[in-house]
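Worksheet: one structure, shown below.
In this text the structure is predicted, and so the values were computed from the model without any measurement. Heavy atoms only: backbone and side chains are in, while hydrogens, waters and symmetry mates are out.
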Amino acid sequence: DGCGHTVLGPESGTLASINYPRTSPNSTVCEWEIRVKPGQRVQLKFGDFDIDDSDSCHSSYLRVHNGIGPNRTEIGKYCGFGFQMDGLIISKSNEVTVQFMSGIHTSGRGFLAAYSTTDKSDLITCLDNASHFSEPEFNKYCPAGCVIPFADISGTIPHGYRDSSSLCMAGVHAGVVSNTLGGQINVVISKGIPYYEGSLANNVTSEVGPLSTSLFTFKTSGCYGTLGMESGVIPDSHITSSSILEWPNQTGQVNIWKPENARLKRIGPPWAAFISDEHQWLQIDLNKEKKITGIITTGSTLAEHYYYVSAYRILYSDDAQKWTGYREPGMDKDKIFQGNTELYQEVRNNFIPPIIARFFRINPVKWHQKIAMKVELLGCQFSIGRAPKLTLPPPPQNKNDEKNADFMDDFIHSVKTSLQTDKTTFTPEIKNTTVTPSVTKDVALAAVLVPVLVMVFTTLILILVCAWHWRNRKKKTEGTYDLPYWDRAGWWKGMKQFLPTKSAEHEEIPVRYSSSEISHLRPREVPTMLQTESAEYAQPLVGGIVGTLHQRSTFKPEEGKEASYADLDPYNSPIQEVYHAYAEPLPVTGPEYATPIIMDMSSHPSTPLGAPSISTFKAAGNQAPPLVGTCNKLLSRTDSASSAQALYDIPKGQLGPGSADQLVYQVPQSVAHPSGSKDE
């Protein structure tokens with residue numbers, strides 16, 4: 001009656017005295033018989049040892065023996081408070097007997113120990129945590145049975161576990177080792193976080209934890225991705241069930257909780273069975289064989305329907321006809337997985353070893369009120385390597401060879417069995433050692449020649465491209481107006497001799513017009529003044545009717561014979577085509593030619609009050625501006641195909657073309673309006 005927590009696995013295990021870590025009762029005894037594979041030896045390590053030694057190990061002690069039964073031999077007898085045993089106790093055979101005896105005592109926690117085969121040199125106990133090791137990364141072997149009620153962990157994957165957590169118990173929670181088998185863990189230490197979440201996984205509850213200086217995580221194979229239930233990769237047609245719950249609500253509408261509703265984190269109702277018994281199932285077709293490493297489940301996730309599955313079995317198949325129940329290695333019964341304890345929390349269970357199958361079925365065995373759940377499968381793609389080709393020996397020639405033949409048959413059968421049962425093991429790389437020396441030389445020669453030839457062809461292609469580019473560039477430089485010549489600094493100096501000269505002192509001086517200044521000019525001096533002086537609103541783009549195109553001109557150049565200033569009288573030749581000397585600035589999205597200028601007659605001394613403004617060009621709209629008096633018609637070019645008529649203002653003191661002495665112009669306006677301009 002002195003046995004406490006005990007898990008005896010085929011290669012490792014954990015054992016503790018009764019009531020550990022509390023004081024063990026008086027007058028109790030327990031004996032453990034440990035067996036491992038033949039040819040192996042057992043090593044024993046203590047995680048905690050606290051046995052009363054007041055009578056010098058006479059009534060309270062721990063004794064270890066080589067072997068089992070009456071022929072066993074004693075290895076050692078141990079007692080003491082806080083006894084530190086850093087080394088390992090190693091047996092001489094594959095069998096060990098551990099005996100615990102508790103006499104009359106008042107204190108003492110008892111002991112907790114772990115064992116494994118001697119090939120596990122880095123064995124630790126269930127009480128070791130990350131703070132016991134200083135390395136930033138290390139590998140350790142966890143024994144079976146480390147899910148113990150007196151140890152605690154904080155955290156979860158992938159964020160990490162608090163450094164005070166039990167390494168092996170956290171490994172079971174993370175799904176990297178099995179509680180019934182134990183296994184190797186690869187631990188990585190990193191900086192701690194302010195808050196550690198809690199969760200339920202693999203029958204281990206992780207508690208919420210506060211800030212810590214460091215945390216640890218586990219390196220894994222990476223085969224823990226979702227297989228498509230939540231994302232929708234698995235189509236609805238591949239999710240089936242034994243039955244479907246249908247029921248009408250208060251409004252008479254029928255609610256159907258179909259199997260395709262069993263997608264994790266999907267908003268809405270879950271899948272629910274019409275009848276709640278142990279014969280119901282939810283089946284998922286993965287379309288091909290995959291490596292399934294875990295499952296996550298929740299309840300209905302609907303507060304008004306408090307349904308969830310608390311325990312279930314797992315079955316799998318390759319053809320959906322013959323089903324196999326999942327069992328842990330060495331067990332003769334199907335494993336019952338712990339499900340949910342309420343309807344919202346996600347509960348994870350891992351499969352160690354993983355399941356290799358196409359069809360996956362969940363069979364609930366316990367539930368709350370009704371069978372209802374949402375699920376997601378974890379795993380990755382799976383591919384089988386080619387099996388090595390077996391070369392059979394010739395058949396036996398006589399009776400003496402029959403034993404050898406039987407041995408070969410057994411060997412072939414064992415190889416085939418291992419290939420069928422261990423599908424996750426890939427074929428080791430087999431190097432070809434039968435390559436002849438000549439083939440080896442040819443391979444080496446090809447490995448040298450191929451890069452050289454590639455470099456030679458690449459160099460030739462580059463030379464041809466450069467020669468073609470140089471030839472085209474040379475042809476361009478032979479032209480008179482090629483781009484490189486236009487980009488030279490002396491181009492503008494060479495072009496100045498073809499352009500009309502302009503007075504430098506008047507280049508930036510705006511024009512000031514007044515009636516007194518204009519009245520003293522002769523008729524032919526008026527256009528000359530207008531052409532040589534700069535306008536107040538825009539730089540003269542084309543002087544008079546000169547056909548030479550200035551830089552950034554907004555007028556279309558005149559075609560045909562070039563006329564001079566002296567050959568044209570704008571008043572004696574009213575029908576002749578002329579260009580106005582000044583233009584408005586050309587907008588970014590405006591027409592190709594300049595906008596018309598509005599002449600304001602309201603400020604002229606001889607003009608009656610209220611006289612409208614007259615445009616010397618066609619108005620912006622379709623309607624022409626109103627006529628005042630008699631005017632000469634001039635043709636103005638625009639960007640359209642047709643020419644529009646423009647109007648000149650009436651010279652001062654005359655109704656028509658009169659003497660040049662009385663000719664006066666009005667001040668140009670800056671903004672043109674179709675129907676007139678505001679008086680200034």
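Salt bridge status for Arg358 with Glu289: absent, with no side-chain N to carboxylate O gap under 4.0 Å. For the pair Asp334 and Arg313, the salt-bridge criterion is met [side-chain N within less than 4.0 Å of a carboxylate O]. The pair Glu376-Lys265 does not count as a salt bridge, with every side-chain nitrogen at least 4.0 angstrom from each carboxylate oxygen. Using a 4.0 Å cut-off between charged side-chain N and carboxylate O, Asp122 and Lys140 make no salt bridge.
In this structure Asp48 satisfies the side chain to side chain donor-acceptor pair (under 3.5 Å) test together with Tyr20, Arg109, sequence neighbours excluded. For Asp277, the side chain to side chain donor-acceptor pair (under 3.5 Å) partners are Gln280, not counting sequence neighbours. With sequence neighbours excluded, the residues satisfying side chain to side chain donor-acceptor pair (under 3.5 Å) with Ser178 are Thr180. With sequence neighbours excluded, no residue forms a ring pair (Phe, Tyr, Trp, His ring centres under 6.0 Å) with Tyr141. Residues forming a ring pair (Phe, Tyr, Trp, His ring centres under 6.0 Å) with Phe111 (at least two apart in sequence, or on another chain): Trp32, Phe100. When the side-chain contact (heavy atoms from CB on, under 4.5 Å) test is applied to Thr324, the partners found at least two apart in sequence or on another chain are Tyr316. Every residue two or more places apart in sequence or in another chain that forms a salt bridge (charged side-chain N to carboxylate O under 4.0 Å, His left out) with Glu31 is listed here: Arg72.
Note: Tyr326 OH to Ile355 CD1 = 6.0 Å, rounded to the nearest 0.5 Å. With rounding to the nearest 0.5 angstrom, the CG atom of Asn186 is 12.0 Å from the OG atom of Ser221. In this structure, Leu127 CG and Thr14 OG1 are separated by 9.0 Å, a value rounded to the nearest 0.5 Å. Atom CD in Gln43 sits 9.0 Å away from atom CZ in Arg41 (nearest 0.5 Å).
Sorted by first and then second residue, the salt bridge (Lys or Arg N to Asp or Glu O under 4.0 Å) pairs with a member in residues 123-136 form an empty list; sequence neighbours excluded. Applying the salt bridge (Lys or Arg N to Asp or Glu O under 4.0 Å) definition to pairs two or more places apart or across chains, those involving residues 212-239 are Glu137-Lys219, Asp236-Arg263. Sorted pairs that involve residues 228-320 and meet disulfide bond (SG atoms under 2.5 Å apart), not counting sequence neighbours, are lacking altogether. Judged as a disulfide bond (SG atoms under 2.5 Å apart), the pairs with a partner in residues 218-317 (not counting sequence neighbours) are, in order, Cys223-Cys380.
When only modelled atom types and interatomic distance are considered, Thr301 and Lys374 share a side-chain donor-acceptor pair under 3.5 Å. For the 3.5 Å distance criterion, the side chains of Asn340 and Tyr312 fail to qualify, holding no donor opposite an acceptor. Side-chain atoms of Ser131 and Asp163 form no donor-acceptor pair, as typed in the model, at a separation below 3.5 Å. A donor-acceptor contact under 3.5 angstrom links the side chains of Tyr196 and Ser212, judged on distance only. Of the N and O atoms on the side chains of Trp367 and Ser310, not one donor lies less than 3.5 Å from an acceptor on the other residue.
Between Ser166 and Cys126, the shortest heavy-atom contact is OG-O, 2.7 Å. Here the closest heavy-atom approach between residue Thr240 and residue Pro259 is recorded as C-CB, 3.9 Å. Contact record, Trp257 with Ala272: CE3-CB, 3.3 Å, taken as the closest heavy-atom pair. Across every non-hydrogen atom of Ile34 and Tyr115, the tightest pair is CG2-CE1, 3.3 Å. The shortest heavy-atom contact between Leu123 and Ser116 is CD2-OG, 3.5 Å. In terms of heavy-atom proximity, Gly175 sits nearest to Ile352 at O-CD1, 3.4 Å.
Judged by distance alone, the side chain of Asn363 and the main-chain N or O of Glu278 form a donor-acceptor pair under 3.5 Å. A donor-acceptor pair under 3.5 Å is formed between the side chain of Thr6 and the backbone N or O of Gly4. No donor-acceptor distance shorter than 3.5 angstrom exists from the side chain of Arg162 to the backbone of Leu215, with no hydrogens or angles considered.
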Please lay out, stage by stage, how Ser241 and Trp281 fare under the test side chain to side chain donor-acceptor pair (under 3.5 Å). CA-CA 6 Å; Ser241 62; Trp281 47 262; over 6 Å; no
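Surrounding CZ of Phe274 are at most 12 heavy atoms belonging to other residues, nucleotides or ligands under 6.0 Å away. A 6.0 Å sphere centred on NZ of Lys258 holds no more than 12 heavy atoms belonging to other residues, nucleotides or ligands.
Put simply, the side chain of Met455 does not reach to within 4.5 Å of the side chain of Val452, judged on heavy atoms. Using a 4.5 Å heavy-atom threshold, the side chains of Thr297 and Glu346 count as separate. The shortest side-chain heavy-atom distance between His159 and Glu197 falls under the 4.5 Å cut-off.
In this structure, His305 and Tyr307 have tilted ring planes: the angle between them lies in the 30° to 60° band.
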Enumerate donor-acceptor pairs with a distance under 3.5 Å from any side-chain N or O in residues 144-158 to protein atoms, sequence neighbours excluded.
unit_1, atom_1, unit_2, atom_2, d
Ser154, OG, Glu207, O, 3.4
Thr156, OG1, Ser199, OG, 3.3

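Checking each of Ile124, Ile189, Val187 against Phe133 for a side chain to side chain contact (heavy atoms under 4.5 Å, CB included) leaves exactly one that passes, namely Ile124.
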